[in-house]
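Numbers for residues simply follow the sequence, beginning at 1. Everything numeric in this text was worked out from a predicted model, so none of it was measured.
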Amino acid sequence: MVSRLNFARQKPSALGDWLRRAATRDRLYRAWERDYDSPWADDLARAYDLLRV
């Protein structure tokens, strides 16, 4: 979901606003810490990096 979001688009979106919140990014980081050895850990890390403000 994060990788498909168009951050360059000027029109605000509820999903984009939610994803950009610091709390959402923190949750992604905590999920990565918890599941760092899981097959989906790279996806969590990429999403976290994409949401860097």
List the residues meeting side-chain hydrogen bond (donor to acceptor under 3.5 Å, both in side chains) with D26, not counting sequence neighbours, and say none if there are none. none
State whether the number of non-hydrogen atoms from other residues, nucleotides or ligands found under 6.0 Å of R27 atom CZ is greater than 12. no
Distance (rounded to the nearest 0.5 Å) between L50 CG and R20 CZ: 11.5 Å
Nearest heavy-atom neighbours spanning A41 and W32: O-CD1, 3.3 Å
One should read off an interatomic distance between D43 CG and D35 CG, to the nearest 0.5 angstrom, of 11.5 Å
Name all residues meeting the side-chain hydrogen bond (donor to acceptor under 3.5 Å, both in side chains) criterion together with D42; count only those two or more places apart in sequence or in a different chain, and write none if there are none. none
